[in-house]
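Take a look at the structure below.
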Protein chains: 2
Amino acid sequence: MIVVIDPAATAPVFEQLADQVRAQLADGRIPVGTRLPSARELAEQLGINLHTVLHAYQALRDEGLIALRRGSGAVAIAPARDLAPLRASIAELVATAKGHDLSLPTLTALIREEFGR
Amino acid sequence: MIVVIDPAATAPVFEQLADQVRAQLADGRIPVGTRLPSARELAEQLGINLHTVLHAYQALRDEGLIALRRGSGAVAIAPARDLAPLRASIAELVATAKGHDLSLPTLTALIREEFGR
DNA sequence: ACCTATTTGTCCGTATGTATG
DNA sequence: CCATACATACGGACAAATAGG
């Protein structure tokens, strides 16, 4: 599992981690049944604290995306979705946004607005 | 200026506010030269603290989107962009995402990935 | 040009939450 | 579980710009 954390970002570290796991669960890079790295292992790999990883894992559990079992770690339970129709749309949208020098915060702000109705 | 704050959201309040102003600056709902509400006025209207509004305003100033002067308040200095090519893409993307029961966090996670941060 | 009252952003701490060790 | 460091959000006091007489 590949995850990148930016300590300088405004978003909390546990949220960055949860975000990236969500994306990888959604597109099948993490298939159902996959055992995720243990919190301790992942914390060490990312250079962040154990409790921060647990925070992210618990958020994902609360969303029904993973199951947490004592002794056996975290397991993916969210089925991958068919993102093929989305991939093209996303790539096109992001390319257009970049072409207009639109910042990521501005782009996501516009998307959140559209999503909220 | 219409802004909605969700105190229960994971995103910081000042970020929610900045996001919504960014969107309204981008699409011209807030034209260049417009004087934004004073921090005190907006804080009272939104039921949040003066300094939280100022935090958002200062972030927008650092991005070159608004000018802040004491006595005269905040003024929009970022020209509206041509979002016509984006609008259709955004609407289509969001509609597709909803059709696949994709959550907003997951969708934005995928977009952030594509954008490359 | 002056004065001054109001408006406005800035600076001082304080409490709570996040992240770490 | 506790102790520390940093960020968010809040409250009160302050200084500069503005507006009216």
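Because the structure is a prediction, the values reported are computed rather than measured.
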Residues which pass side chain to side chain contact (heavy atoms under 4.5 Å, CB included) with A/A84, listed by chain and number, not counting sequence neighbours
A/D82
Who pairs with B/A74 by side chain to side chain contact (heavy atoms under 4.5 Å, CB included), at least two apart in sequence or on another chain?
B/L36, B/Y57, B/I66, B/L68
Do B/L17 and A/L110 sit in the same hydrophobic cluster, where Ile, Leu, Val, Met, Phe, Trp and Tyr count as joined when their side-chain heavy atoms come under 4.5 Å apart?
no
Could you go through nucleotides 11-17 of chain C and list every protein N or O atom that sits under 3.5 Å from one of its N or O atoms, giving the distance for each pair?
{"residue": "C/dC11", "atom": "N4", "partner": "B/H51", "partner atom": "NE2", "Å": "2.6"}

Using whole Å, report how far CG of B/L46 lies from C1' of D/dC10.
15 Å
Is the shortest side-chain N/O distance from B/R61 to OP1 or OP2 of C/dG9 below 4.0 Å?
no
Could you go through residues 18-35 of chain B and list every donor-acceptor pair under 3.5 Å that involves a side-chain atom there, pairing it with any protein atom two or more places apart or in another chain?
{"residue": "B/D19", "atom": "OD1", "partner": "B/R22", "partner atom": "NH1", "Å": "2.7"}
{"residue": "B/D19", "atom": "OD2", "partner": "A/R112", "partner atom": "NE", "Å": "3.4"}
{"residue": "B/D19", "atom": "OD2", "partner": "A/R112", "partner atom": "NH2", "Å": "2.3"}
{"residue": "B/Q20", "atom": "OE1", "partner": "B/V4", "partner atom": "N", "Å": "3.0"}
{"residue": "B/Q20", "atom": "NE2", "partner": "B/V4", "partner atom": "O", "Å": "2.5"}
{"residue": "B/R22", "atom": "NE", "partner": "B/E63", "partner atom": "OE1", "Å": "3.0"}
{"residue": "B/R22", "atom": "NE", "partner": "B/E63", "partner atom": "OE2", "Å": "3.3"}
{"residue": "B/R22", "atom": "NH2", "partner": "B/E63", "partner atom": "OE2", "Å": "2.7"}
{"residue": "B/Q24", "atom": "NE2", "partner": "B/I2", "partner atom": "O", "Å": "2.7"}
{"residue": "B/D27", "atom": "OD1", "partner": "B/R29", "partner atom": "N", "Å": "3.0"}
{"residue": "B/D27", "atom": "OD1", "partner": "B/R29", "partner atom": "NE", "Å": "3.1"}
{"residue": "B/D27", "atom": "OD2", "partner": "B/R29", "partner atom": "NE", "Å": "2.8"}
{"residue": "B/D27", "atom": "OD2", "partner": "B/R29", "partner atom": "NH2", "Å": "2.8"}
{"residue": "B/D27", "atom": "OD2", "partner": "B/R87", "partner atom": "NH2", "Å": "3.2"}
{"residue": "B/R29", "atom": "NH1", "partner": "A/E113", "partner atom": "OE2", "Å": "3.2"}
{"residue": "B/R29", "atom": "NH2", "partner": "A/E113", "partner atom": "OE1", "Å": "3.0"}
{"residue": "B/R29", "atom": "NH2", "partner": "A/E113", "partner atom": "OE2", "Å": "3.0"}
{"residue": "B/T34", "atom": "OG1", "partner": "B/P31", "partner atom": "O", "Å": "2.6"}
{"residue": "B/R35", "atom": "NE", "partner": "B/S72", "partner atom": "O", "Å": "3.3"}

Report the distance from atom CG of A/N49 to atom C1' of D/dC1, rounded to the nearest whole Å.
14 Å
Distance check needed: D/dA7 C1' versus B/E15 CD, whole Å only.
13 Å
Return the value, rounded to whole Å, for the distance between atom CZ of B/F14 and atom P of D/dT8.
4 Å
Using the side-chain hydrogen bond (donor to acceptor under 3.5 Å, both in side chains) rule, collect all pairs that involve residues 92-104 of chain A, keeping only residues at least two apart or in two chains.
A/E92-B/S89, A/S103-A/T106
Do any pairs count as a ring-ring contact (aromatic ring centres under 6.0 Å, His included) and have a residue in residues 30-50 of chain B, sequence neighbours left out, and if so which ones?
none
Separation of atom CD in B/E41 from atom P in C/dT6, rounded to whole Å
17 Å
Whole angstroms only, please: what is the CD1-P distance between B/I66 and C/dT8?
14 Å
Rounded to whole Å, please give me the gap between NE2 in B/H55 and C1' in D/dG11.
17 Å
Rounded interatomic separation in angstrom, taking CD1 from A/I48 and C1' from C/dA19
9 Å
Taking the axis from the first five pairs and the axis from the last five, what angle separates them in the helix from C/dC2-D/dG21 to C/dG21-D/dC2, rounded to 10 degrees?
10°
With distance as the sole test, does B/Q16 use its side chain to make a donor-acceptor pair with the main-chain N or O of B/A11 at under 3.5 Å?
yes
Looking at residues at least two apart in the chain, or sitting in another chain, which of them share a side chain to side chain contact (heavy atoms under 4.5 Å, CB included) with B/D62?
none
Is there a side-chain contact between A/I77 and A/L65, using heavy atoms and a 4.5 Å cut-off?
no
Check: residues 43-56 of chain B side-chain donor-acceptor pairs under 3.5 Å, at least two apart:
{"residue": "B/N49", "atom": "OD1", "partner": "B/H51", "partner atom": "N", "Å": "2.8"}
{"residue": "B/N49", "atom": "OD1", "partner": "B/H51", "partner atom": "ND1", "Å": "2.8"}

Can you give one letter per nucleotide of nucleotides 15-21 of chain D, 5' to 3': B if a protein heavy atom sits under 4.0 Å from the base, S if only from the sugar-phosphate, - if neither?
BSSS---
Identify the two heavy atoms, one from B/F115 and one from A/L102, that lie closest to each other, and give their separation to 0.1 Å.
CZ-O, 3.7 Å
